[in-house]
Amino acid sequence: MTLEQGGPVLVEGPLEVTLDDGRTVTSDRFMVALCTCRRSRAYPWCDTSHRRRSRPGAERTADTDASAGCDAAGRRRSPHE
């Protein structure tokens, strides 16, 4: 498991997650990005929604937006992309 500051939790898959309401969702991917901000429309999976909003008191720049979180496929992007 890898914790990404300002982004998702990356977990080696396959993975089974039990949600608060008792439902169970699964992913058979080799690496799974779990949403920690609850902004994802695909919750519990990260869809990079955390990039579109800043936390109260946090200033965002183009540099921080470009290097934050994961790509649309749930893979962690390098800070140089």
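Going from atom CZ of Arg29 over to atom OG1 of Thr26 covers 13.0 Å, rounded to the nearest 0.5 Å.
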Listed pairs under 3.5 Å, donor-acceptor, residues 12-22 side chains, sequence neighbours left out:
| unit_1 | atom_1 | unit_2 | atom_2 | d |
| --- | --- | --- | --- | --- |
| Asp20 | OD2 | Arg38 | NH2 | 3.2 |
| Asp21 | OD1 | Arg23 | N | 3.0 |
| Asp21 | OD1 | Arg23 | NE | 3.3 |
| Asp21 | OD2 | Arg23 | NE | 2.8 |

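In terms of heavy atoms, Met31 sits closest to Leu10 at SD-CB, 3.9 Å. When all heavy atoms of Val32 and Ser27 are compared, the pair lying nearest together is CG2-OG, 3.6 Å.
Residues Cys46 and Leu34 fail the side-chain proximity criterion, which asks for heavy atoms closer than 4.5 Å.
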